[in-house]
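Both counts, for ligands and for their atoms, begin at 1 and track the order of listing. Position 1 is the first residue of the sequence; numbering continues from there. Values below: every heavy atom of this structure, side chains too, minus hydrogens, waters and symmetry copies.
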Amino acid sequence: MNSTIEELVQSLTLEEKAGLCSGRDFWRTKAVERLGIPAMMMSDGPHGLRAQKPGSSLPNDSIEAVCYPAGCAAAASFDPTLTRRMGAALGREARAAGVQMVLGPAINIKRSPLCGRNFEYYSEDPFLAGELAAAFIQGVQGEGVAACPKHFAANNQETRRLTVDSRLDERTLHEIYLPAFETAVREGRPWSLMCSYNRVNGVYASEHRQLLTELLRDSWGFAGFTVSDWGAVNDRVQGLAAGLDLEMPGSGGVNDARLVEAVRSGALDEAALDKAAARILNIVLRTADLARAPAEHGAANGHALAVELAKESAVLLRNLGALPLHPGQKVAYIGAFAETPRFQGGGSSHVNTRGAVGALEAARRGGRTVQYVAGFPADRDQRDEPEFLRAVAAAESADVAVIFAGLPEFFESEGADRRHMRLPDCQNNLIARVAAVQKNTVVVLHTGAPVECPWAEDVSAVLCMYLAGEGVGEAADALLWGDANPAGRLPETWPLRLEDTPCYLDYPGDGVTADYREGVFVGYRWYDARRMAVRWPFGHGLSYTGFVYRDAALDRPTLTEDGEATLRVRIRNSGAVPGAEVVQLYVSDATGAPAPGGRVPQALRGFQKVRLEPGQECEICFTLTARDLSHYDERLHGWYAAPGRYELRLGHSSRDIRITVPLQFETQRFPPLTVDGTTPLGLLLADPRTAVTAQKLLDGRRGDGDGLMPPEAMAQMLDATPLRELTDCSAPDGLLAALRRDAGE
Ligand code: BGC
């Protein structure tokens with residue numbers, strides 16, 4: 001605590017301290033006028049400002065603002081420089097509106113495609129989500145405005161979101177659901193962080209000492225204040241003691257009184273309240289000057305940036321040649337989304353924007369001639385026969401049919417999960433019919449999450465815009481007609497069907513608990529482990545040009561526990577137009593070491609987006625440390641990489657690996673190994689500490705069972721045989737004792 005803040009806290013009464021720890025209203029903290037402490041104003045959200053109109057107390061009465069691509073789309077840019085720029089633009093808009101804290105980024109992991117809020121979230125992969133989040137936070141805070149990563153933690157569904165108990169094992173929590181927050185905190189250094197509504201293994205996130213204090217502050221070094229999601233407080237006193245500083249939006253004084261009472265009765269240490277008040281005050285004062293120095297944000301600049309980001313975020317999923325379109329072609333635009341595109345989701349992130357332009361309007365403004373037939377409505381699943389037939393006829397008589405499809409708004413919103421993964425039938429049916437009469441059929445998708453695409457193999461091209469913000473139409477126009485080159489990559493797997501998804505059997509749970517039985521096998525970790533066919537894999541995205549990878553090399557063949565290795569590779573644009581490649585680095589553990597809970601086949605550990613002119617080549621490099629090879633080991637309660645061989649896979653997507661480079665890892669660190677009569681021999685043979693002694697034991701038994709069974713079967717049986725069957729456990733100098741010594745017991 002710095003001394004000014006400390007002095008201020010000392011000057012506050014107990015009631016004032018408690019009062020500072022909850023909101024005055026929906027969006028503001030309380031001022032303490034006698035000490036010159038101002039209120040702090042906050043607002044959503046992750047992809048645009050939802051600031052309450054000054055003087056208005058109506059719900060959802062927010063000022064007009066720029067709507068940038070939602071998290072699903074921004075993540076598809078695979079480009080932290082863009083999330084940083086988006087954060088900075090939001091920071092400037094916030095300043096202009098007198099807002100000191102932006103409630104974003106939203107970085108929960110996409111466990112199931114059905115989660116109603118996936119459109120706000122970044123990815124199924126914690127590494128990607130963390131890097132994008134850290135950059136976003138730096139962007140916002142570079143403008144002097146606090147960012148607030150949310151919702152901490154294991155908040156992966158909307159069904160019963162206020163009370164659901166997310167049940168997951170230690171490894172899964174640490175390996176999948178926490179790392180994006182850890183990176184956001186360590187690299188982004190956010191001034192605040194929002195806890196989620198749900199419980200985590202039985203304890204409300206708003207009362208979770210292990211999460212809010214031990215991990216967040218003690219281990220990751222978080223120096224800001226924590227805030228409850230709006231209404232997430234269960235027991236205010238327990239929450240404060242566990243590390244929850246600010247309650248929002250406040251309880252009308254009820255919980256403030258409880259805090260005061262708890263301090264008076266000795267149930268709550270006043271020092272804990274002092275700390276919470278100090279942490280909040282620190283940021284209130286740091287951001288207070290904003291009100292005195294409002295910034296200009298310039299809506300026009302904001303819109304141009306929104307268009308640029310939307311272009312960078314769109315993913316070309318398939319292209320047999322129908323794209324890009326050519327000026328001489330007769331083009332039919334079909335689907336109401338061409339006129340009224342869907343570009344953001346419902347709920348607290350909803351931005352009041354007037355700036356959105358549809359692709360049809362963008363084409364007209366650009367002087368392009370296209371025929372338009374709505375074919376189906378954008379807001380419901382309803383087939384209108386004459387309209388349907390008009391659309392089919394228009395497609396048939398054109399050179400190319402572009403169908404603008406997507407999910408109606410009520411399909412994906414905060415507060416509700418989807419029940420299925422399908423587009424409305426009226427859309428699927430029309431796409432299938434059009435594809436049957438027109439070989440150059442292009443589908444443009446406006447969805448916040450994957451949908452089943454039963455017609456995927458029948459159409460020529462698919463361009464996914466996700467929920468692209470107000471720049472959606474202009475971006476789609478530029479990409480379809482080749483004025484821009486698609487450069488997005490999928491931040492999540494698109495499965496063939498809902499039934500294939502990792503938590504299909506458990507999602508969203510029984511209403512009380514959500515069991516994360518799939519463990520660490522989330523997203524591509526699941527599909528890869530099961531070698532399943534998917535519609536489009538994680539990291540996938542096409543371009544109008546091609547890229548060649550060559551000369552991948554490591555600066556050393558071996559990495560050690562505290563060392564670093566640098567991997568270089570050269571990338572060349574081998575096509576005829578400028579384009580961007582996202583070079584992805586996946587690490588695969590080929591050590592063969594036993595992995596409790598299973599080993600994921602590969603994990604993303606690096607990515608870089610490079611923009612190249614035709615024929616241009618560049619070199620990029622990745623730096624790796626032991627952590628990049630590691631998984632979370634519950635026996636160590638920490639990260640661990642076994643010694644041995646790893647594969648560094650460089651690729652265009654998780655399933656399009658272009659070059660693999662081996663790396664040897666050396667370490668003397670091992671997880672604890674318990675040797676007793678029940679330990680199977682195989683475990684000891686596989687562990688370098690005990691392998692030699694165990695081999696002696698095995699050699700002593702060679703020949704046992706000769707002729708009874710094939711040698712492989714015999715080996716397997718011995719592998720599974722507990723020591724008690726193989727040695728005299730009571731002999732003090734026997735092999736058992738030697739093995740114990742080897743294991744370091
Ligand atoms: C949402 C948060 C949001 C808050 C304030 C909550 O319902 O979960 O993401 O920041 O409302 O609008």
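Of the N and O atoms on the side chains of R117 and H151, at least one donor lies less than 3.5 Å from an acceptor on the other residue. Side-chain contact annotation: S22 with D256, donor-acceptor N/O pair under 3.5 Å present.
Sorted by chain and number, the heavy-atom contacts of ligand 1 below 4.0 Å come from W27, D44, R50, L103, R117, K150, H151, R161, M194, Y197, D229, W230, S348, E414.
Side-chain atoms of E492 and P450, non-hydrogen and from C-beta on, do get closer than 4.5 Å to each other.
Aromatic ring centres of Y466 and F119 lie farther apart than the 6.0 Å criterion allows. Annotation: Y68 is not in aromatic contact with H303 [ring centroid separation under 6.0 Å not met].
For the pair R217 and F222, the cation does not sit on the ring face, since its NZ or CZ is not both under 6.0 Å from the ring centre and inside 45° of the axis.
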